[in-house]
Amino acid sequence: MSNISIKLTTDKLSLDECYNFVDDPTCGGIDIFVGTVRNHTKGKKVKKLDFSAYGPMAIKEMELIAEKALEKFDVLKIAIHHAEGMLQIGDIPVIIAVSAAHRVAAFEACQFAIDTLKETVPIWKKEHFSDGEVWVNAHP
Amino acid sequence: MSNISIKLTTDKLSLDECYNFVDDPTCGGIDIFVGTVRNHTKGKKVKKLDFSAYGPMAIKEMELIAEKALEKFDVLKIAIHHAEGMLQIGDIPVIIAVSAAHRVAAFEACQFAIDTLKETVPIWKKEHFSDGEVWVNAHP
Amino acid sequence: MQTQVLLFGIVADLVGESSINLELKMDGTVSDFKKKLTETYPQLQNYNTYVIALNESYALDDTIVKDNDVIAIIPPVSGG
Amino acid sequence: MQTQVLLFGIVADLVGESSINLELKMDGTVSDFKKKLTETYPQLQNYNTYVIALNESYALDDTIVKDNDVIAIIPPVSGG
């Protein structure tokens, strides 16, 4: 669909690419959420994060989220881009951009999309510390 | 303050500049709101928008919003950049970026900032149609 | 006292100036200022949705206007 | 029937493989598959917080596993 952009990639994610995809002459507001790799978690220093994905299913689930966001909220276009592979502090694992005629819908759809992504999309991150590594959320 | 970036400018606003300002090794999420010039309002086709500001007070009020956002929400850095002068369809009147350790605070602070900006910052826009022009909100 | 008043948006259009000078009595309030403004510019009689800023901060109706205060008339804002 | 099972995250680590083959009876359910999996890989006995996907969609415990279905074991996700 031309109003949905989904990407799972080992390349660096691009804020401008997401912005340009959702920008539209009929839109009045764009909300963009950018996940970033934090240098600490529960008081421990993180060195890097390794993201692995069940690729085909991750893309399907991201498409489902995008379709649901367009259905549920009065929004125009949505981009959901996620990175795979080894990320350093400050790198970007995920960008979600949503455009809407009115800003409240853009905010709501963007929050819905990131909340749902963190629940349903089969992507896993392993945190690397100086003294070992651990799968995040593996033991909820 | 080094965790607040305020700008009122006739230059093109930059998404990357706002992102780079708020990005921080301790942050896990960044929310960015981008206002865009819509090509219609209440069914009428808009040609362009002219933004004028009471400059010194607009900057003071944006600083107040930024300080209040840092106080009210658990966020790290905030950028509020606003354009002045004549903008065309697709141009960007405003960018607000907020970084936080956890994403919910970033979303909340960003919404708070744009909502408050639209109420308190002395900036006015005049919509130019093919058959005339009108100050937005002048007669609420 | 002689004051300088900054006008913006539709108020500047209605008055036809972006800055005016107004003679005010000493120790008058923002309310007094508004009355004087409407007397001097009757075209503002039907337009009273503005608020007043003194020295780049929003002022209340009972705030005292002091000598050398920068007065600004702020019609409903529409930034963003 | 012979099925291919994809493993991810901590489950792949526990089993030591990212893909395994498992002999399943015809017309068994996802529940039956899970039982067989734990019998074959006892190291998963104390790890049951995963869910199952069939053909890249989440499946329920009573879904029938058909021949040629792509089975995947999905431990708690942590993307974003």
Side-chain angles (χ1 to χ4, degrees), chain A residues 6-9 13 33-38 41 46 49-65 80-85 87 91-96 110-127 132-140, chain D residues 3-22 24 29-31 33-34 36-38 40-80:
Chain A
I6 302 295
K7 214 179 210 183
L8 179 67
T9 176
L13 300 186
F33 175 75
V34 182
T36 54
V37 176
R38 212 169 42 217
T41 182
V46 175
L49 285 185
D50 192 8
F51 285 83
S52 54
Y54 179 14
M57 182 171 169
I59 287 169
K60 268 196 193 176
E61 289 292 326
M62 289 195 280
E63 282 167 352
L64 277 178
I65 293 170
I80 305 181
H81 290 192
H82 204 294
E84 292 192 271
L87 269 65
D91 282 355
I92 299 180
V94 64
I95 301 178
I96 298 180
C110 194
Q111 279 192 274
F112 163 81
I114 182 64
D115 289 350
T116 311
L117 182 147
K118 282 172 179 273
E119 282 169 11
T120 65
V121 177
I123 297 177
W124 299 271
K125 65 176 163 234
K126 200 177 215 175
E127 287 172 335
E133 39 192 71
V134 65
W135 288 106
V136 177
N137 276 354
H139 302 276
Chain D
T3 56
Q4 210 208 0
V5 183
L6 306 175
L7 311 182
F8 298 96
I10 192 167
V11 173
D13 282 4
L14 289 170
V15 172
E17 304 280 353
S18 62
S19 166
I20 55 176
N21 290 296
L22 220 55
L24 299 182
T29 63
V30 165
S31 269
F33 163 76
K34 286 180 174 175
K36 177 79 182 187
L37 181 73
T38 315
T40 318
Y41 299 94
Q43 64 266 51
L44 292 179
Q45 234 149 25
N46 296 314
Y47 194 80
N48 56 6
T49 50
Y50 55 80
V51 293
I52 303 301
L54 295 179
N55 306 318
E56 301 158 9
S57 291
Y58 288 108
L60 300 173
D61 270 355
D62 58 3
T63 307
I64 303 293
V65 180
K66 294 185 301 290
D67 207 7
N68 295 318
D69 273 0
V70 179
I71 308 180
I73 303 181
I74 313 284
V77 304
S78 52

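Owing to the predicted nature of the structure, the values given are computational and were not obtained by experimental measurement.
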inquiry  = Under a 3.5 Å distance rule, please check whether A/His81 uses its side chain to pair with a backbone N or O of A/Ile96 as donor and acceptor.
reply    = no
request  = Please confirm whether the backbone N or O of D/Val70 pairs with a side-chain atom of D/Asn55, one donor and one acceptor, at under 3.5 Å?
outcome  =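 Checking the backbone N and O of D/Val70 against the side chain of D/Asn55, a donor-acceptor pair under 3.5 Å is found.
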Donor on one side chain, acceptor on other, D/Gln4 and D/Ser19, under 3.5 Å = yes
Region of D/Leu6 that comes under 4.5 Å of a non-hydrogen atom in chain A = side chain
request  = Measure distances from D/Tyr58 to the heavy atoms of chain A and classify the residue's part below 4.5 Å as side chain, backbone, both or neither.
outcome  = both
Chain D contact via [X] - side chain, backbone, both or neither, heavy atoms under 4.5 Å:
X        : answer
A/Val136 : both
A/Lys125 : both
A/Pro122 : both
A/Ala53  : backbone
A/Glu61  : side chain
A/Tyr54  : both

task = Kindly compute the distance separating OG (D/Ser78) from NZ (A/Lys126), expressed to the nearest 0.5 Å.
result =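 Result: 11.0 Å between the selected atoms.
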inquiry  = Could you measure the distance from the CG atom of D/Asp69 to the OG1 atom of D/Thr3? Nearest 0.5 Å is fine.
reply    = 9.0 Å
Ring centers of A/Trp124, A/Phe51 separated by less than 6.0 Å = no
